[in-house]
Amino acid sequence: MSETASTIQFFTGFSLNDLPFLAEAAGNTLLISVISISIGSVFGCLFGWALYASKYARIFLGSILDVFRSVPLIIQLLLFFNFFPILGFPLEPFAAGCIVLIVYTSALVAQVARGGIEAVPEPMRRASRSLGMSYFQDMRYVVWPIGARAMLPAWTGVALGVLKDSALVSVLGYLELLRASQILITRTQEPFIILAIVGAFYFALSYPIGKLTAKLEQRWQYD
Amino acid sequence: MDYTFHWRPVIKALPDLFSAALITLEAAVLSMIVGIIIGLILAMMRLYGNRPMYFFATVWVELARNTPALLQLFFFGFGLGAFGWHLSPFMIVLCGLAFNNAGYLAENFRGGFQAIPKPQYNAARCLGMSASQTYTRIIIPQVFKLVYYPMTNQMVWAVLMSSLGMLVGFRELSGATQFLASNTFRLFEFFLVAAVFYYVLVKLILLVAHLISRKLFTY
């Protein structure tokens, strides 16, 4: 069958011109992950401290944070996204995704941070208090340096998990990497290569960080 | 706030949601079983295999751990379509979750195997056990105890990850919720109930896992 001039092409193949589109989407993925991981970690550390310090926080805050770890992220996103129009002011997908990811990250980091504080031996803290350090000095100069090292591997795991889970924000309509790939797949009908490129991007980001942390962890064991 | 909550459609749909929750559980359990078997094989390949086997297992594990679960599901759903393999939604979710579980569990198993002292293996062989007897009676029970807690975690993850099935058209708890919600436009109410379902499901799994561990690890 020869191709005539009147043939309508429904699909155009994947070409180099699509790479900037993918790059922009990758930037969006990075943006939302970096924002939610950094803010979520700060909140997570505070929550972890509260969980460690107070019995009431452990009961109330602990059980609230537990909910965020027991409900799928996709449900959380959809619930939150549909909740704000009820109050009368609809949110942008980016804002809704950010807020949910921040809360999700902080719920995960809280457990990690609590474990980090508990990893500091009790005699060390008693010694620092005996040397005349205040509670906050003890926290800042003794617990934080030791606890941060103890929690680094687990924290990296959480951070990489959030980076990967940020793909779910696509269901709200935020144009991140996976949604961009969906759009391209719809146009080009070449799912394999596009999914491979997108997978390679996530892999290239996640794999070196994971390996680096494992190296650091090994080195710190002998310090 | 001029929004009226309508719970009647949700209450009417509760039996549907309940059976959907069972499908979620079924997919998660099946993917765990497949994942444990493949994960064991991958761990063995990384520990004792020759170079190609080690390479294969490492690629599997790193791919499963370093890409989003949703991407893996899409890969099984749409990516394989490029080769003319069209899986049903259930199979997409099952394959995707099993792939993911196997990758994560293989690392846990590998750590477990490495934690068992080598002399135990030698002692068992000295006592006249065959290699397979040594593994099934001495090594694997101990590894199982070590990886039991990570495995419970993975089971919970499998339940949570199965919610991604709604994006590939699988009618499990989230998929059914979305379907019913778009029938009635009661999105918030339906997803709130789905969240409660997931919470209860996860807590039930943790409870059962705890009871089983008390039964198994009392020696």
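In this text the structure is predicted, and so the values were computed from the model without any measurement. Naming: A, B, ... by sequence-line order, numbering from 1 per chain. These values consider heavy atoms only, across backbone and side chains, with no hydrogens, waters or symmetry-generated copies.
- For B/Thr177 (side chain) and B/Ala194 (main-chain N/O), no donor-acceptor pair under 3.5 Å exists by modelled atom type.
- The two residues B/Leu87 and B/Cys95 have their closest heavy-atom pair at CD1-SG, 4.2 Å.
- Annotation: maximal heavy-atom pairing with chain B below 4.5 Å, among A/Gln182, A/Gln189, A/Glu190, A/Arg69, occurs at A/Gln182.
- Ranking A/Ile75, A/Leu163, A/Val198, A/Leu177 against chain B, the residue ahead of the rest is A/Ile75, based on heavy-atom pairs under 4.5 Å.
- When heavy atoms are compared at a cutoff of 4.5 Å, A/Leu78 approaches chain B solely by way of its side chain, counted from C-beta outward.
- Side-chain atoms of B/Glu172 do not come within 3.5 Å of backbone N or O of B/Ile23 as any donor-acceptor pair.
- Seen from the ring of B/Phe179, B/Arg171 counts as a face-on cation partner, given the 6.0 Å and 45° thresholds.
- Contact of B/Leu173 with chain A is not made at all, since no heavy-atom distance falls under 4.5 Å.
- Chain A forms the most heavy-atom pairs under 4.5 Å with one residue out of B/Asn66, B/Val156, B/Leu187, and that residue is B/Asn66.
- Using a 4.5 Å cut-off between heavy atoms, B/Phe197 does not touch chain A at all.
- In this structure, chain A has no heavy atom under 4.5 Å from any part of B/Met161.
- Between B/Phe144 and B/Tyr148, the ring-plane angle classifies as perpendicular under the 30° and 60° cut-offs.
- Contact annotation for A/Leu178: only side-chain heavy atoms (C-beta onward) come within less than 4.5 Å of a heavy atom of chain B.
- Contact count against chain A (heavy-atom pairs under 4.5 Å) is highest for B/Gly79 among B/Ser174, B/Ala69, B/Gly77, B/Gly79.
- Applying the ring pair (Phe, Tyr, Trp, His ring centres under 6.0 Å) test between A/Phe192 and each of B/Phe75, B/Phe78, B/Trp85, B/Phe76 identifies B/Phe75 as the sole match.
- Heavy atoms of B/Leu167 lying under 4.5 Å from chain A belong exclusively to its side chain.
- With B/Trp60 contributing its side chain and B/Phe99 its backbone, the two residues share a donor-acceptor pair below 3.5 Å.
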